[in-house]
J.: 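So that we are looking at the same thing, I have put the structure below in structure tokens.
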Amino acid sequence: MFKFILKRLLLMIPVIIGISFVIFAIVSLTPGDPAQLILGADADPVLLQAKREEFGLNDNFFMRYIKYITGVFRGDFGKSYRTGLPVLGELLLRLPHTTIIALGGIGLSVVVGVPLGMISAIKQYSFIDYFARTLALLLTAIPVFWLGLLMLLFFVLKLRWFPATGTGSWRNYVLPVVALAASATATQTRTTRSAMLEAIRQDYVRTARAKGISEPKIMFKHVLKNSILPVITIAGMNVGVQMGGTVVIENVFNIPGMGNMLINSVRVKDIPMIVSTIIMVAFFIGVMNLIVDIIYTFVDPRLKTQYVTVKKKKDQPLIPAQEKI
Amino acid sequence: MRIRKSFIIIITVLLSIFLLASCNKKAEPAATAPEKAAETTAETAGETSEEISAEPKKDTLVIALPSEPVTLHPSTAAERITYLPVHAIHETLVTENYTTGEIEPRLAESWEISEDGLKYTFKIRQGIKFHNGDPLTADDVVYTLNEISSKIVDVYGLIKNVTKVDENTVSFEMEYQFSPILYLLSNTQSCIVDQEYYEKDPEGYGRNPNGTGPFKFKSWLSGENIVLERNEDYWRGPAPLASITFKVVPEEATKLIALESGDIDAYIQASLTNKPIVEENSELKWIETSAGQVFTLAFNNGTHSDGTKSVFADNKALREAIVFAIDKNEIVSLAIDDAAPPLYTPFPTFIQNYPANFEGNLYNVEKAKEKLIEAGYPDGFKFTMKTTSQPIYAKPAEAIQGQLAKIGIEMELIQMERGTYLQEVYQNFDYDATIWAVSCDYPDMDSGAYKRFYSGNIAPGKNYMQINDPAMDEAIMINRSSQDPAEKAAQVLKVSEIIRDEVYALPLYASPNTMAVRSDLKGVNINYGMMIDFYLWSR
């Protein structure tokens, strides 16, 4: 297991190199001069040239990339073009806000979406099922941006329950988390519902019922356990969606997180900042996917065998096959 | 057994994840829809509103900026939004009165200008201290003008031989007579810094400034806010406001909601579309100054970077055809909801010696058609216009596109991202026509004309229209060195006439500088260059 985790972590290195190269190429090779964007339209040519020299923009693209990526692996993410401050410090300052919102969003979507999907499946075609399905449809259809603004209007302006901007207290995070969780909750509900429905119709459920096992026990022990895999998969996939959503949400609710910074950096083509933020997000998603994979092995022991086969095959090649039976 | 054990592990892992996640939100993670989430926090929220209303009298100000300042260093501050905090912290030798436009003494008690207008001598006020306690000396002024302001090559290149005459006197000479120099000395780039403090850490100065102004720097939380607090030892007496918080709020809708809910007290660059909402609300006030930026339809009067000639170069009739086909009244109503009248001179009305009642080229479809034939395009004509995709540029461009189509001129509109635009149009001159806004740094024609219309400035980022006209150059240079109002007025008129008659460009309108504030704020001010004197604000 440990070996598997290590292998997965090591695998992230080529992924990060690949992602950073593509992003670096996109921001470097598209037209637009960072020096000009930072110094403004009327900047003096002498100052512009000095700025370009300072950023190393006169160097060859590959040289710049190699310089950047070797720095990254030494823990040096470079200096922001815009502020001149080290990128890493800035990123670490912003990371907590984004983490709170993203994890909060995923947490909320699971906490709300899974039970709702379960009830919806157990009581199929009941009022609550229709309610859950309509809600899910609505939440998927509403753009995050618009939902965020509506929430601002209602909860901030009308009811004055939350502040509109800032990060001082937990109250600042409630609306962004709820807004971000909206569409993830919808997918979570729908996935749970369909996975449960599929499991409910299985023969072993009928057998269990025939044996006279109580309904709650059937549902939790047999149905839920067998249908939890796609639910976890969706939660894992939502991590990526949530990270993307934070870019929009942080702007609407004015949270100084990474998404907010990404937008500011893209405006002035702050290359080290953009690429480093993307690397951070990629790393975050990678780690979350790894966690999801580990959770899989606990949920479904059959999967666990896949990770440890390499070693076991040498000793006892037949055991995994036996376990499957 | 094994199954049970692993199941317990999953549950604990899942639970701990949820717990971790939900502890940031609230104690009970039971919410389903937004309403429910809010319900659980109802009690605690009651306290907040009480907190706000219970406060006896607020003397703090929270003002939203559309983006985060890059630095608080006076001379590397390139964006206008940066000027606000920088100018609250620092002071200049002389200052411009934002209501009258007159130059007034500030750090300099008095000044003398020599007979020939070349030598300036300033008497520095005694007993002024920087925020860290260092006294303001003539050395600081000399150092600032020599080492810091001079980095802005364009204007300060004219200033030479900055010398310390005695402990509280500083003098400098000018390359040639340059009448608006006092306005330049009141600009952000001329803010006086503490030499001793600055030299200790020049790199870090932008994040930890030290000035003589009414507010001192307190903290800067990246991406969130910059806090200034009242300078209790300020030489003109402490300011009414105890602190100013500059908060970064990029979204217009968020800003308006935050203003309405009292989360922020003011925001600059308010969108004109929100003007009715602000004016209807008795708790809010709409502030608007005359004309900040001049929006101009600019022609490329020279060549592209690859040597090919722009279609408009050396074809005055063609430029005229376009100009006569444009109805500015309609453009103004389509682009800025009639927030400003059409503009006929290339300058905003606040500049000194502005030619009132100037007659510009008027909308005349018949004349436009005639000119089109004269230009050699009787069957219509096609050209491209490049603008940035920002609505402030795209809106007037689209309006023009529609009007030109009526007389058979097909205008292809290319909207590009700002960086690309600056490079192609501003740096490389690879365009035929564009719409661009220019703001004035000082109320003299020179601010708009020297950089944009002077032939010696046909260089990237300057005279991008490539206007090369000896008569124009002469008028600009006379205005630069003249101190005589009548002579200067004649030059302003002349430049306006050249732009009109030679049709190098078509001024469209000057959009106002806007600000939305809470109505309990008093002394609120903003000038044509988006400068604010926070010392006058109170509540």
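The sequence lines fix the lettering, A, B, ..., with proteins before strands; numbering per chain opens at 1.
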J.: What part of B:V248 gets closer than 4.5 Å to chain A, counting heavy atoms only: side chain, backbone, both or neither?
T.: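 Answer is backbone: N, CA, C or O of B:V248 sit under 4.5 Å from chain A.
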J.: Relative to chain A, which segment of B:P250 carries a heavy atom at a distance below 4.5 Å: side chain, backbone, both, or neither?
T.: both
J.: Counting the benzene-type ring for Trp, do B:F295 and B:W436 have ring centres under 6.0 Å apart?
T.: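 No.
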J.: Could you check whether A:T98 and A:E250, counting side-chain N and O atoms only, form a donor-acceptor pair closer than 3.5 Å?
T.: yes
J.: Does any donor atom in the side chain of B:N428 or B:Q423 lie under 3.5 Å from an acceptor atom in the other side chain?
T.: no
J.: Under a 4.5 Å heavy-atom cut-off, does chain B meet the side chain of A:Y81, its backbone, both or neither?
T.: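 Neither part, no heavy atoms under 4.5 Å.
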J.: In terms of heavy-atom pairs under 4.5 Å with chain B, which of A:L48, A:D33, A:N251, A:V268 leads?
T.: A:N251
J.: Hey, which of B:E68, B:R418, B:E417 has the most heavy atom pairs under 4.5 Å with chain A?
T.: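 Of B:E68, B:R418, B:E417, B:E68 has the most heavy-atom pairs under 4.5 Å with chain A.
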J.: Which one, A:L175, A:I255, A:N260, A:L85, leads in non-hydrogen pairs under 4.5 Å with chain B?
T.: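 With the most close heavy-atom pairs to chain B, the winner is A:L85.
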J.: Do B:S305 and B:D430 have a side chain donor and acceptor closer than 3.5 Å?
T.: yes
J.: Does a donor on one side chain sit under 3.5 Å from an acceptor on the other, for B:S389 and B:Y421?
T.: no
J.: Below 4.5 Å, heavy-atom pairs only: which of A:L93, A:V252, A:N264, A:T30 has the largest tally toward chain B?
T.: A:V252
J.: With side-chain contact (heavy atoms from CB on, under 4.5 Å) as the test, pick out the partner of B:I226 among B:L65, B:L221, B:L72.
T.: B:L72
